[in-house]
Protein chains: 2
Amino acid sequence: MNSLTEENYLKALFNLSQENGEVSVNELSKHLQIKMPTVTSMMKKLSDKKLVNYESYKPLKLTEKGRREAGLVIRKHRLTEMFLVDKMGFGWEQVHEIAEQIEHIHSPEFFEKMDELLGYPKFDPHGSPIPDKTGKVEWIHYSKLSDCKAGDAVKLSAVTHSSDEFLKFLNTRELKLGTKIRIKSIEAFDGSMTISYGKHLSEHVSCLVCERLLVEKE
Amino acid sequence: MNSLTEENYLKALFNLSQENGEVSVNELSKHLQIKMPTVTSMMKKLSDKKLVNYESYKPLKLTEKGRREAGLVIRKHRLTEMFLVDKMGFGWEQVHEIAEQIEHIHSPEFFEKMDELLGYPKFDPHGSPIPDKTGKVEWIHYSKLSDCKAGDAVKLSAVTHSSDEFLKFLNTRELKLGTKIRIKSIEAFDGSMTISYGKHLSEHVSCLVCERLLVEKE
DNA sequence: TTAAATAATTAGATAAGACTAACAAATATA
DNA sequence: TATATTTGTTAGTCTTATCTAATTATTTAA
Ligand SMILES: [Mn+2]
Ligand SMILES: [Mn+2]
Ligand SMILES: [Mn+2]
Ligand SMILES: [Mn+2]
């Protein structure tokens, strides 16, 4: 049984290794806001538990076991977010912090029941895939809106950041998952875009925002 | 902000002082299954935080502040149990352990939402009163079934123990809150009773069971 | 009212998870 | 290549929450 602290390290490793599979102590330290020596000593502990491959001065890698257990924590997190939004009426900007705590509840029955009540959802409210009961996750390759061309017609499928402020900003623009977007023009200088969707015929969004929106081409 | 550990001590003190208002270190130690020296040192800490009145070799007493904060933890516990039963479909015997963990979630909005979805319930699934938002609880004085007389007609209103085994036993006998019970006879030797209710025209229940059932006289 | 039993405290140890300061290794830059 | 910067490790400290062993106070019983 992993402690709450261990679960948070595993989850962070999993999320950070999405890209290249390897993570540096420095990266992990910054992500968790925990100083490097503390991270080093936890890596030794997780290495003893066969959850992480750790060798001095080498990049960190989750083992198969570590990836599985991290996946199960992320499953609990995302199921919880979905439950909070769909069954309790929270907004997608309100759920991350609560899920950050509930993901550590030890009760298979509790999450099993959530899953059942939700009808076995495949994605969380931010469009992230929910790992299956074995901890495996199907990684879907969306494009960033910022990588699209003028004239493209796309569907907003996920967001890469779940901070309160960012999601509230999207709320004010009525941008939600499923929204069909057409790119009217791209400002070459700063990468900002003018887009149209629903009732919004001409909205201007900064590059920072475009990079956080994941879309599927229609 | 109290830690999970502190919250568990406060809750235990609150529950144990229901009777006389005072609790011994020994009692608390046994209830929490934590050795006496550990309890003593926590009492000093809670005393520094003005949550407990502690003096060497004197009985323990929650302060007004301590009683309020304990009440708020118990509120979270009981709201959770109610939510699990009413909104998620768990049986009353399945919810205590889960609530024991969820009661420590720090999110007023989460419990506010539960309360709202439940329609501001006054009692939990075991008939215990839910403290209000200020941590105050209205203590209702039910009688123990074991204190009733032959011939009495009563309504089962609460149970004093929430263990899995006890509640499963009640399930097998179809004894639930609200059940109208008539006491047919009492065995003077061991205090066991023969009772009738619903389709059950003659059930025999031990003294141990009768002491754990709280009833209202009709 | 003294002795025995029980309850409570003190002292000191341990484990988890965090930190800082000092040092070492690896990487980047001149 | 030599030096500077960045990254990572070691050593040692701190806090929280637990324990055991030894001691002291209180309560019960002889
Ligand atoms: Mn999240
Ligand atoms: Mn977390
Ligand atoms: Mn608890
Ligand atoms: Mn209860």
Side-chain angles (χ1 to χ4, degrees), chain A residues 1-14 16-17 19-62 66 69-70 73 100-101 103-106, chain B residues 1-14 16-17 19-62 66 69-70 73 100-101 103-106:
Chain A
M1 189 75 88
N2 303 312
S3 70
L4 181 150
T5 307
E6 290 166 337
E7 286 191 341
N8 281 337
Y9 277 91
L10 288 173
K11 195 160 60 100
L13 278 166
F14 190 101
L16 289 174
S17 41
E19 287 114 52
N20 47 7
E22 296 184 339
V23 185
S24 70
V25 172
N26 194 244
E27 250 184 301
L28 186 53
S29 162
K30 278 175 182 146
H31 184 83
L32 289 170
Q33 308 224 73
I34 284 172
K35 295 289 182 291
M36 287 203 292
T38 310
V39 171
T40 298
S41 75
M42 180 56 86
M43 289 310 104
K44 288 175 178 168
K45 192 173 167 211
L46 294 181
S47 173
D48 289 346
K49 295 177 85 172
K50 310 282 180 215
L51 294 165
V52 170
N53 283 321
Y54 172 76
E55 286 177 274
S56 289
Y57 299 105
K58 295 260 176 69
L60 307 167
K61 255 192 101 169
L62 283 171
E69 301 198 6
V73 179
E100 204 58 44
Q101 298 177 62
E103 70 191 1
H104 305 293
I105 300 291
H106 291 296
Chain B
M1 188 76 88
N2 303 312
S3 70
L4 182 150
T5 309
E6 289 166 338
E7 286 190 342
N8 281 337
Y9 277 91
L10 288 172
K11 196 160 60 97
L13 278 166
F14 189 102
L16 289 174
S17 40
E19 286 115 51
N20 45 6
E22 295 183 341
V23 185
S24 70
V25 171
N26 195 244
E27 249 184 301
L28 186 53
S29 161
K30 277 174 182 146
H31 184 83
L32 290 170
Q33 309 224 73
I34 285 172
K35 295 289 182 291
M36 286 205 293
T38 310
V39 171
T40 298
S41 74
M42 179 56 87
M43 290 307 106
K44 288 175 178 169
K45 191 172 167 214
L46 294 181
S47 174
D48 290 344
K49 295 178 83 172
K50 311 283 180 214
L51 294 165
V52 169
N53 282 322
Y54 172 76
E55 286 177 275
S56 289
Y57 299 105
K58 296 258 175 70
L60 307 168
K61 256 191 101 169
L62 283 171
E69 301 198 6
V73 179
E100 203 59 45
Q101 298 177 62
E103 69 191 0
H104 305 293
I105 300 290
H106 291 296

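The analysis underlying the following values was restricted to heavy atoms, covering all of them including side chains, and did not include hydrogens, waters or symmetry mates. Lettering follows sequence order; numbering is per chain, from 1.
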Would you mind telling me which of A:Asn8, A:Thr5, A:Asn2 makes a side chain to side chain donor-acceptor pair (under 3.5 Å) with A:His104?
->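 Single side chain to side chain donor-acceptor pair (under 3.5 Å) partner of A:His104 among A:Asn8, A:Thr5, A:Asn2: A:Asn8.
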Criterion side chain to side chain contact (heavy atoms under 4.5 Å, CB included) against A:Thr40, the qualifying member of A:Met42, A:Met43, A:Lys44 |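 Exactly one pass, corresponding to A:Lys44.
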Distance, nearest 0.5 Å, that separates [atom1] of [X] from [atom2] of [Y]:
X        : Y        : atom1 : atom2 : answer
B:Ser56  : B:Lys58  : OG    : NZ    : 9.0 Å
A:Met1   : A:His106 : CE    : NE2   : 5.0 Å
B:Leu13  : B:Leu28  : CG    : CG    : 5.0 Å
B:Glu103 : B:Leu4   : CD    : CG    : 7.5 Å

From [atom1] of [X] over to [atom2] of [N], roughly how many Å is that when rounded to an integer?
X       : N      : atom1 : atom2 : value
A:Ile34 : C:dA16 : CD1   : P     : 16 Å
A:Glu22 : D:dT7  : CD    : P     : 16 Å
B:Met42 : D:dT18 : CE    : P     : 6 Å
B:Lys35 : D:dA21 : NZ    : C1'   : 13 Å
A:Leu32 : C:dA18 : CG    : C1'   : 13 Å

Side-chain donor-acceptor pairs under 3.5 Å in residues 29-39 of chain B, sequence neighbours left out?
unit_1	atom_1	unit_2	atom_2	d
B:Ser29	OG	B:Ile34	O	2.6
B:Lys30	NZ	B:Asn26	OD1	2.9

I'd like a list of close polar pairs between nucleotides 14-16 of chain D and the protein, N/O only, cut-off under 3.5 Å.
none

Could you encode protein contacts along nucleotides 1-12 of chain C as a string, one character per nucleotide from 5' to 3', using B for base contact, S for sugar-phosphate-only contact and - for no contact, with a heavy-atom cut-off of under 4.0 Å?
-> ------SBBB--
For atom NZ of B:Lys50, decide whether the heavy atoms of other residues, nucleotides or ligands shown that lie under 6.0 angstrom number more than 12.
->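 Counting other residues, nucleotides and ligands, NZ of B:Lys50 stays at 12 neighbours or fewer.
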Using a cut-off of strictly less than 4.0 Å, decide whether A:Thr38 has a side-chain nitrogen or oxygen near OP1 or OP2 of C:dG17.
->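 Checking C:dG17 against A:Thr38, no side-chain N or O comes under 4.0 Å of OP1 or OP2.
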